[in-house]
Novice: 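This is the structure, below, for whatever I ask next.
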Amino acid sequence: MPDTPKMLVVGSVAYDSVDTPTGKNDDQLGGSATFFSVASSYFTDVAVVAVVGEDFDPGDGQMLSNRGIDTSGLVRVEGKTFRWSGSYREDLNSAITLDTQLNVFADFAPELGDDHRDVPFLFLANIDPNIQASVLSQMSTRPKMVACDTMNLWIDIARPALVSLIENVDVLLINEAESLQLTGCDSVALAATDLLAKGLRAVVIKRGEYGAVVFHKNFTFAVPAYPMVTVTDPTGAGDSFAGGFLGYLSSIDDTGDDAIRRASVVGSVMASFAVESYGLDRLRSLSTTDINARFDAFVQLTRFHPLGGGQGLPVQAQFNN
Ligand code: AMP
């Protein structure tokens, strides 16, 4: 009998077709739950709740379980696996969805196993908010942290369900453009204020190559993205960020302010690996040294000495006009 996982994710397991400035790749393994679980598996014991169809390659399921990911909640049913195709030709920071085929997700009503109902960390990855809410409602104990993600499709077609979900989670991770679409605000800071007012502990606004900003009720913290010379495929960067962020928090079992700041750097570390190759190729093959070296690179990237001894900046004049 495997140990009770420390974290649960519900989201998509997909075959993606992408078109990026470096080329095209069809039918690669993807999905929000897949990227999240692979990124977080470096840090914690994670279980996946999702559905796949008859066309799902058993080797892909095996790859997840070989990493220690609990796939007992990954059910296989008649029909086709979720498929998404997107293009980044116009803008590397946000995908243009060319096609979404929900397929087996259209009728998916997850039922959690007993050992999945009391995990301390729950991630409701991007999928229909009604599925996200159903998983949250099946928890027997309120997790220490519940986080969720979403996208423009759900804001367009399932807004009321999404808003009521957000009112019941602790952390929302969302793209910059989607935060503006969801709130109707015209600045990220205003959108974050609006979202925090719904009762969230933190909103993490993901800004592609410009990094992410954590708007927490106690502080605001910005983390850059790793300055990458070539981005091969941005697909999965957001989910890998979330996997590093929550995977790290779950591994140290801490949701305090300092832990959240460091977790957002771990999120950026994992996102930086995700974009280095198509699909999961790079993300799934990291060594401990790779992860620590990239984390150190972020420390160098953001390090500066504050002025010591109560000194201020050498501002030479002030003007009253
Ligand atoms: P991101 O981390 O934001 O780049 O998310 C990329 C993943 O989201 C891809 O692997 C897609 O399969 C998945 N995806 C795209 N659209 C949807 C959707 N409507 N619901 C769930 N997952 C999606």
Side-chain angles (χ1 to χ4, degrees), residues 9-20 25-40 48-53 56 60 64 80-88 91-106 108 110 123-132 135 147-159 161-162 165 172-179 181 204-209 212 225 231-246 267-268 270-281 283-284:
V9 55
V10 60
S12 55
V13 170
Y15 286 121
D16 294 337
S17 295
V18 298
D19 183 6
T20 83
N25 202 31
D26 287 340
D27 301 325
Q28 62 189 29
L29 177 63
S32 55
T34 314
F35 282 104
F36 178 87
S37 59
V38 169
S40 63
V48 182
V49 171
V51 63
V52 290
F56 188 66
D60 289 336
L64 298 176
K80 280 182 76 182
T81 300
F82 180 101
R83 280 174 195 260
W84 175 79
S85 72
S87 167
Y88 301 89
D91 178 5
L92 264 180
N93 292 316
S94 65
I96 295 172
T97 294
L98 303 174
D99 188 31
T100 302
Q101 295 172 21
L102 291 180
N103 296 331
V104 290
F105 268 101
F108 182 48
F123 187 54
L124 308 169
N126 178 24
I127 195 65
D128 184 332
N130 295 296
I131 297 179
Q132 294 174 309
V135 167
C148 80
D149 190 1
T150 193
M151 72 179 296
N152 51 5
L153 175 72
W154 308 117
I155 301 172
D156 285 338
I157 68 171
R159 180 184 281 267
L162 177 61
L165 179 78
L172 170 68
L173 296 104
I174 189 166
N175 287 346
E176 175 171 6
E178 287 154 1
S179 73
Q181 181 192 356
V204 181
I205 310 254
K206 297 172 287 177
R207 306 183 61 234
E209 68 177 312
V231 170
T232 301
D233 175 11
T235 311
D239 305 308
S240 304
F241 181 102
F245 181 87
L246 281 159
S268 247
M270 300 316 282
S272 74
F273 288 121
V275 306
E276 281 185 23
S277 71
Y278 286 105
L280 291 149
D281 290 353
L283 187 69
R284 61 185 268 202

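Remember, it's 1-based here, ligands and their atoms both numbered in the order they're listed. All values below were derived from every heavy atom in this structure, side-chain atoms included, with hydrogens, water molecules and symmetry-related copies excluded.
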Novice: Under the ring-ring contact (aromatic ring centres under 6.0 Å, His included) rule, collect the residues that match up with Phe123, sequence neighbours excluded.
Specialist: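 Phe123 satisfies ring-ring contact (aromatic ring centres under 6.0 Å, His included) with Phe36 only.
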
Novice: Let me know which of Thr235, Asp233, Asp16 forms a side chain to side chain donor-acceptor pair (under 3.5 Å) with Gln28.
Specialist: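 Result for side chain to side chain donor-acceptor pair (under 3.5 Å) with Gln28: Asp233.
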
Novice: side-chain contact (heavy atoms from CB on, under 4.5 Å) with Leu124: which of Val10, Val9, Leu172?
Specialist: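 Among Val10, Val9, Leu172, the one meeting side-chain contact (heavy atoms from CB on, under 4.5 Å) with Leu124 is Val10.
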
Novice: Can you pull the residues with any heavy atom under 4.0 Å from ligand 1?
Specialist: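 For ligand 1, the contacting residues are Ser12, Ala14, Asp16, Gly30, Gly31, Phe35, Phe82, Trp84, Asn126, Ile127, Met151, Leu153, Trp154, Pro234, Thr235, Gly236, Ala237, Gly238, Asp239.
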
Novice: Is atom CZ of Arg284 surrounded by more than 12 heavy atoms (other residues, nucleotides or ligands) closer than 6.0 Å?
Specialist: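 It does not: Arg284 CZ has 12 such atoms or fewer within range.
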
Novice: Check the angle between the aromatic planes of Phe241 and Phe245 and answer parallel, tilted or perpendicular using the 30° and 60° thresholds.
Specialist: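 If you compare the ring of Phe241 with that of Phe245, the planes turn out parallel.
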
Novice: Say whether Ser32 and Ser12, considering side chains only, have a donor N or O and an acceptor N or O under 3.5 Å apart.
Specialist: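 Ser12 and Ser32 do have a side-chain donor-acceptor pair below 3.5 Å.
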
